[in-house]
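Only one structure is covered here, and it is reproduced in the block below.
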Amino acid sequence: MKGQISGIRRYVGAMNYPPYNFTSLPDQPDEVIYQFSSQGPSRIIPKVVLFNQIDRTFYNLALLDELPDGTFSDTVVSNNQDMERVLATVIAILRDFLRQATSQRVFFQGSTAARTRLYRMLIGTYAAEFGEEFVIAGVLPDGRQEAFQANREYAGFVVYLNQSTV
Amino acid sequence: MNHMLKTKTLPVKDQSPDETLRERLRQSPVVQEKNAAARQLILKAIPVQEATDPVTEK
């Protein structure tokens with residue numbers, strides 16, 4: 001738990017970091033691809049945020065590192081010292097996506113249980129800020145969704161636009 | 001006879017970097033696994049929840 005708390009402290013403030021510039025590929029009906037570059041002190045890592053439609057109203061979000069051999073990974077620990085900016089960029093991309101797909105819902109989960117817990121803590125930290133723009137649901141291990149609660153264990157999360165702000 | 005069996009080779013259209021990226025993502029086992037896991041989890045409870053929205057309903 002101590003490790004988790006120190007972990008979350010690292011990321012608190014991500015909302016205040018400037019996102020990296022990002023681009024998107026021409027949309028296909030069932031997939032939307034965004035790209036940006038993580039720029040650390042010693043290297044640049046190409047990142048992809050991929051939205052794949054998995055159901056009539058759901059897209060799955062994946063944050064991927066593009067590796068030098070052309071493959072993709074969601075588990076590599078890049079240690080590029082810019083996690084706050086990466087998170088700020090993902091949030092900006094999510095916003096861009098949902099403003100174009102206003103009736104869609106986006107599902108995401110961590111690549112590991114620890115990352116999913118980290119996301120839960122981040123959402124909890126920014127719940128008030130997110131809540132003005134997005135509705136966030138927690139997805140239980142049996143697939144049921146409920147209004148996000150900071151103290152609950154979730155298998156993933158669903159985000160969609162707060163329709164009162166559309 | 002041989003000349004009749006010759007087929008015309010069409011020039012291979014070079015894929016743009018965007019198309020290449022899209023194709024590599026589609027072929028990626030990581031992407032396929034993530035989508036399958038998400039689909040399995042999300043669709044598990046949809047028939048139960050379709051009638052109501054537990055998030056927005058008070």
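Naming convention: chains lettered A, B, ... in sequence-line order (proteins, then strands); numbering from 1 in each chain.
- Between chain B and the options A:Q109, A:E66, A:Q28, heavy-atom pairs under 4.5 Å are most frequent for A:Q28.
- Transitive grouping of hydrophobic side chains (ILVMFWY, heavy atoms separated by less than 4.5 Å) keeps A:V48 and A:L98 in distinct clusters.
- In terms of heavy-atom pairs under 4.5 angstrom with chain B, the leader among A:A62, A:S73, A:A155, A:G70 is A:G70.
- By number of non-hydrogen pairs under 4.5 angstrom with chain A, the leading residue of B:Q27, B:R24, B:Q40 is B:R24.
- Residue A:F107 touches chain B through its side chain alone, counting heavy-atom pairs closer than 4.5 Å.
- Contacts between B:R22 and chain A at a heavy-atom distance below 4.5 Å involve backbone atoms as well as side-chain atoms.
- The minimum heavy-atom distance between A:L25 and B:D18, with the atom names listed, is CD2-O, 3.5 Å.
- Under the 4.5 Å side-chain heavy-atom criterion for Ile, Leu, Val, Met, Phe, Trp and Tyr, A:I45 and A:L63 are members of distinct hydrophobic clusters.
- Atom CG of A:D30 and atom CZ of B:R26 lie 6.5 Å apart (nearest 0.5 Å).
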Go through A:E31 and B:L25 one step at a time and tell me if the side-chain contact (heavy atoms from CB on, under 4.5 Å) criterion holds. CA-CA 10 Å; A:E31 66 182 13; B:L25 284 166; 5.8 Å; no
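- The CG atom of A:N52 lies 8.0 Å from the CZ atom of B:R39; values are rounded to the nearest 0.5 Å.
- A:F134 is connected to A:F157 through a chain of hydrophobic side-chain contacts under 4.5 Å among Ile, Leu, Val, Met, Phe, Trp and Tyr, so both are in one cluster.
- At a 4.5 Å heavy-atom cutoff, the contact between A:P26 and chain B is made by backbone and side-chain atoms alike.
- The shortest side-chain heavy-atom distance between A:V158 and B:I42 falls under the 4.5 Å cut-off.
- Only the side chain of A:L64 comes within contact range of chain B, with heavy atoms under 4.5 Å apart.
- Among A:I54, A:L50, A:N60, the single residue meeting the side chain to side chain contact (heavy atoms under 4.5 Å, CB included) criterion with B:K34 is A:N60.
- Linking ILVMFWY side-chain heavy atoms closer than 4.5 Å, directly or via other members, places A:V86 and A:F97 in a single hydrophobic cluster.
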